[in-house]
Amino acid sequence: MILPLASPKSGPRWAPRRRYGFRRRVGLLVGLGLVIWTILQVLSIHHRIALVDNRPPPSQPSDRVFIASTHWNNERILRSNWNDAVVDLVRTLGPDNVFVSVLESGSWDDSKGALHELDTRLDRLGVRRNITLSDTTHQDEISAPPGHEGWINTPRGRKELRRIPYLARLRNWTLQPLVDLARQGVTFDKVLFLNDVVFTVDDVAVLLNTNDGVYGAVCSLDFSKPPLYYDTFALRDSQGDEHIMQTWPYFRSGASRRALINMEPVPVKSCWNGMVAMPAAPFLSSPPLRFRAIPDSLALSHLEGSECCLIHADNPLSQTHGVYLNPQVRVGYKPEAYAAVHPARAWLSLQNIAMALWENRIRRWTTSSYFKLQVVRGRIAKWQGNQPQQREKGDFCLINEMQVLVANGWAHV
Ligand SMILES: *[C@@H]1O[C@H](CO)[C@@H](O)[C@H](O)[C@H]1NC(C)=O
Ligand SMILES: *[C@@H]1O[C@H](CO)[C@@H](O)[C@H](O)[C@H]1NC(C)=O
């Protein structure tokens, strides 16, 4: 910019001050414009959120639903909310239109007792189900002789069981009845994966009805310690990027952010986040869609990806029908978390929205996912150098971590 400041000798003394005053006025005006623009934007977003959240739920779904769930030490939520919610859901969908597939293994609380109660209640309703309570603990898993797959040499000098192949195996297991029933001619429209969350029948109805029921997958948004969302390992925006902030509006990509702000189904590359609905067909096609981990040889370069992200990378419907996160469906890992994201009024205050929009902008302007991605890409390239036949479709799922199972849970190594 050219500042034609008059030299002190040739011009009147007040001229520079007046120019400074002019610039100040322009600055003030721009500032005021930004404030007004922010206020209008915030009011409109707040209005939109309240409007969408108060929409009556869609009429009850007519889908035939296969419910799949794995549990470990979830007694508390099972007894306080989950069992009741599943029973409500089954009643609403109609016992003939549901199958409930649950696998619990090695809990040291009384998850087994709680699930046994659910089993009894579902039996009374005449619901088809497979509720398997397994005694195999993490300790049993990690003390078994190292198997062929899913075990790697870790930096602490041991051969250890990777967490993700283990979880993929459990999740796959819950899908087996879907395959067996299909052989007998019993089919389902959707598979509904439920985490150990507080949810309602209306939440499920809205979820299933997302995008008029057309999607490769649709997820809720999950909260353990609101306002932070929970499952960061599986959520990737429409560009495949991780969240830019763990609070609303989360995303770096414009497409994901705009949809979220409008309370519309958010296009993403991957999500899991509490509850997920997917068409059943891919799980029955050939080859069937299954949960998996990245190959051990790739994990060895200190990379890991969630089985719940890789499944979207593998699902052919992700490309054709899209993966969505529905911001209208918000679930919690505790009743208090659920309540916090379902206040009487809009779930985000005007002040929240204003601060968050600017925080997101500033983060976008000042950070880049480039360097983090370069690390991952470099390792994949090196791995491919050694194994030219191999490809990893789920590269956007990968992060710089190594996760193994331990007796009381899992660990980063
Ligand atoms: C997933 O399930 C299928 C079928 O049950 C099985 O063949 C496959 O090995 C499983 N994958 C993992 C990672 O457990
Ligand atoms: C539950 O499913 C598993 C895996 O398919 C199967 O081995 C088991 O027999 C089933 N249990 C019942 C009671 O049907």
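The structure presented is a predicted model; accordingly, all values stated were derived computationally and were not measured. Whatever order the structure lists them in is the order used to number ligands and atoms, beginning at 1.
With hydrogens and angles ignored, the 3.5 Å screen pairs no side-chain donor or acceptor of Lys112 with any backbone N or O of Glu104.
A tilted orientation is assigned to the rings of His312 and Trp272, their planes being inclined by 30° to 60°.
Looking only at atom types and distance, the side chain of Asn273 has no donor-acceptor partner in the side chain of Ser220 under 3.5 Å away. Inspection of the Asp222 and Tyr229 side chains reveals no N or O donor paired with an N or O acceptor under 3.5 Å. Side-chain polar atoms of Trp72 and Ser111 form no donor-acceptor pair below 3.5 angstrom.
The list of salt bridge (Lys or Arg N to Asp or Glu O under 4.0 Å) pairs with a residue in residues 240-255, not counting sequence neighbours, reads Glu242-Lys372.
For ligand 2, the protein residues within 4.0 angstrom (heavy atoms only) are Asn130, Thr132, Trp173, Gln176.
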